[in-house]
Every structure is written in structure tokens, then in C-alpha cells.
Amino acid sequence: NHPLDLMPFMMGSYNIIVAPPHTGKTVLAWWRARELAEMGGRVLWLGYEMTGTDILDMEVSRITGISYQKLLDAREGIRVEGEKAKLSPEDTKARDAALKEIAQGWGKNVRFLTGGHAVYMNELPSIVRRLRTKGMVDLVVVDHLNIARVLNERNQPIQGEVERTTEASRICREIVE
């Protein structure tokens, strides 16, 4: 079985993926979004932790085998052993070929709105309705709801987190109605 089989996103539904930090929530959502984009679906990715460039680096890593961390370090100019990280000419050529492949394929169907482009949760329903009405989007992914920790160490609800989770769920329901 493919891991995506565990995430049956369906048209007209909303899904909230909740899990502890660093367990692959973004990766799972991205795989599903990319799968839809590969089939011609239009995806809007609203990200607050991973930028569009981060996701493209993840894809370049998958295609080329260059480690994600190496791509990230080179992009951000991180110093490794006193030297500014950079890609070898071979890795640069492979990265550029992968980015071209992405741009000519599923990349035409994905729009990233990340980082500095603030979209508030309460604005999402009207934004998504407008985009759907105009036939501009098939899937919207909001990758910023850090709602995994709703229980404290004693398994008691953390009030603010429970309220935030409930509000996120209400807004998602409103989007698909």
C-alpha cells in the first residue's frame, strides 16, 4: 500500500492532519497536492513553515538524490567547515534540470503563497470561494495549523489549543459548504 492511500482527500471535503512535530504532515499533504497537480488539478499552497522554495528543494532532492540539507545550505549560504556551502557543478546542473522538469510538468499547476504573504484563517472561505467560482483552484492546502498539541502532560485539554483547533475546523467546513 502507498502512504497516500491513508489520506483519501476527496473533492468537497476538508482534512486536518494532526500529528506531533516533524512526523511528516507537510510531506504527506504535499504528496497528495503534487499527485493532483500531475493529473492537471490546480493547487494553491498556503504555507507558513515551509516556503515554496523549500518544497521545490524537497522535490529537487527527490528527483536528483542531492540531499535536501545540501540544497538548503547552498541556497541560504550556510557556512560548512568555514566555507560557504555551494553545489558542485554537477549538482548545479542536476538541480537546474530538475527545476526545468518541474516547471514543464506539475509546476504549471501549483501556486505557492508562503511566508510574508499573510492570509488569515477567517479570510480563507471567501478567498477559496472566489478562486473556485473562477475555476482557478481544485485544492487548497493550508500548511500552518500547529494544532497537534491539544493535550498537556496529564492528558488534559489545553484550552487555547482546543479552541484554535475547533476554529480551524469550523473555517474548513465553511470553505467546502
When you compare the side chain of [Y] with that of [X], does any pair of heavy atoms fall below 4.5 Å?
X      : Y      : value
Leu44  : Val141 : no
Asp54  : Arg75  : yes
Val27  : Met58  : yes
Arg34  : Arg62  : yes
Arg130 : Met136 : no
Ile63  : Ile102 : yes

* Asked: Do you know which two heavy atoms are closest between Leu99 and Val60, and how far apart they sit?
  -> CD2-CG2, 3.7 Å
* Structure fact -> Tightest non-hydrogen contact, residues Lys86 and Ala74, listed as CA-CB, 4.0 Å
Side chain of [X], backbone of [Y]: donor and acceptor closer than 3.5 Å?
X      : Y     : answer
Thr64  : Ala94 : no
Asp138 : Arg42 : yes
Asn109 : Ala37 : yes

* To do: Tell me, with the steps shown, if Glu90 and Ser88 meet side chain to side chain donor-acceptor pair (under 3.5 Å).
  => CA-CA 5 Å; Glu90 298 83 22; Ser88 69; 3.3 Å; yes
* Asked: Who are the side chain to side chain donor-acceptor pair (under 3.5 Å) partners of Glu76, not counting sequence neighbours?
  -> none
* Any residue meeting ring-ring contact (aromatic ring centres under 6.0 Å, His included) with Trp30, in chain and number order, not counting sequence neighbours -> Trp45, Trp106, Phe112
